[in-house]
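Accompanying notes for the structure given below.
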Amino acid sequence: MSNPNVDQQVSNGDSVEDLNPTQTEGYKVGEKKTIDELKNLDAEDESLNKWKESLGLKAAVGPADDPRKVVVLSLAMEIEGRDDVVLDVSSPDKLETLKDNPITIKEGVEYKLKIKFKIQHEVVSGLKYIHVVKRKGLKVDRDEEMIGSFGPKLEPYEKKFAAEVAPSGFISRGHYNVKSRFIDDDNVCHLEFEWSFDIKKDWD
């Protein structure tokens, strides 16, 4: 597993192939600019100024002793009528416990994934969430979600994805392993971790 404390450039090796983002033909990542450069860019353009305001380009906030640009705080499963099932991914110690402590998901239930995160120091463009689900070593699902572009601010952001339905039926019940990754348009991996879940006939 990669070190979750340091932003890193992604390798394109076969072992991480499924966690690399989908490439759009003809799409080119724009030139990376600092907070000050973005604030001064086309200062008279009203629509551009509104876009910059939406990113919160006021100051390059973030603790000096924490170089991370993206700090993912939690990955949660929102289920109507129940408390959220929350995975705390805010520290290496928390991450180490996830894989061996599976969460329980009732078969056939509808849920939404919800991510809470903070942006520090610089604007992050095209942040994506990707995960690969395996059962008994075989890939059974892959999901890639665009989170968006964000500027640094003290308060955390929250992103909720479209509703999904958990597998159901006798064959679908069992243990699943998941590898998740947060990556941006510059192909920088901000966090990668493993977790697991059990599909059961009912909630524990």
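These numbers were taken from a predicted model, which means no experiment stands behind them.
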Any donor-acceptor pair under 3.5 Å linking the side-chain atoms of [Y] with those of [X]?
X	Y	answer
Ser91	Asp93	no
Thr104	Trp203	no
Tyr176	Ser196	no

Answer yes or no: is there an ion pair linking [X] with [Y], defined by an N-O contact shorter than 4.0 Å?
X	Y	result
Lys112	Glu164	no
Glu78	Lys160	yes
Lys128	Asp184	no

How about [X] and [Y]: do any of their side-chain heavy atoms sit closer than 4.5 Å?
X	Y	value
Asp141	His131	yes
Asn177	Trp195	no
Val89	Leu98	yes
Phe117	Lys159	yes
Ser180	Glu192	no

Just verifying a value: how many Å separate [X] [atom1] and [Y] [atom2], rounded to the nearest 0.5 Å?
X	Y	atom1	atom2	answer
Ser74	Asp84	OG	CG	9.0 Å
Ile119	Arg68	CD1	CZ	11.5 Å
Lys179	Lys99	NZ	NZ	7.5 Å
Lys134	Arg142	NZ	CZ	12.5 Å

Mind running side-chain contact (heavy atoms from CB on, under 4.5 Å) on Lys201 and Glu107 for me, showing each step along the way?
CA-CA 6 Å; Lys201 191 174 181 178; Glu107 63 178 1; 3.8 Å; yes

Determine the sole option in Val71, Val72, Leu127, Ile183 for which the side-chain contact (heavy atoms from CB on, under 4.5 Å) test with His190 is passed.
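Answer after filtering Val71, Val72, Leu127, Ile183: Leu127.
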
Taking every non-hydrogen atom, the tightest pair across [X] and [Y]:
X	Y	answer
Ala166	Ile105	CB-CG2, 3.8 Å
Phe182	Ile115	CE2-CD1, 3.6 Å
Gly151	Tyr157	O-OH, 2.6 Å
Gly108	Val165	O-CG1, 3.5 Å
Lys106	Val109	O-CG1, 3.2 Å
Leu73	Pro156	CD1-CB, 3.9 Å

Heavy-atom donor-acceptor pair, Asp88 side chain to Ser90 backbone, under 3.5 Å:
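Side chain of Asp88 to backbone of Ser90: a pair is present.
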
Examine distances only and state if a side-chain atom of His121 and a backbone atom of Asp66 form a donor-acceptor pair shorter than 3.5 Å.
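Yes, because the side chain of His121 sits within donor-acceptor range (under 3.5 Å) of the backbone of Asp66.
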
Is the positively charged end of Lys153 above the ring of Phe150, judged by distance under 6.0 angstrom from the centroid and angle within 45° of the axis?
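No - Lys153 does not lie over the ring of Phe150 by the 6.0 Å and 45° rule.
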
Neighbour count above 12 (heavy atom, 6.0 Å) for [X] [atom1]:
X	atom1	value
Glu80	CD	no
Lys94	NZ	no
Asp83	CG	no

Given the rule that I, L, V, M, F, W and Y join up when any side-chain heavy atoms are under 4.5 Å apart, are Leu113 and Val140 in one cluster?
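Same cluster: Leu113 reaches Val140 through Ile, Leu, Val, Met, Phe, Trp or Tyr contacts under 4.5 Å.
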
In terms of hydrophobic clustering (I, L, V, M, F, W, Y; side-chain heavy atoms under 4.5 Å; direct or indirect links), are Ile103 and Val86 co-clustered?
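Ile103 does not cluster with Val86.
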
Checking Leu191 against Arg181 for the side-chain contact (heavy atoms from CB on, under 4.5 Å) test, could you report, in this order, the C-alpha distance in whole Å, the side-chain angles of both residues, the deciding distance, and whether it holds?
CA-CA 6 Å; Leu191 182 67; Arg181 171 180 285 178; over 6 Å; no

Go through the steps to decide whether Phe161 and Asp143 satisfy the test side-chain contact (heavy atoms from CB on, under 4.5 Å), and finish with yes or no.
CA-CA 11 Å; Phe161 299 136; Asp143 194 17; 5.7 Å; no

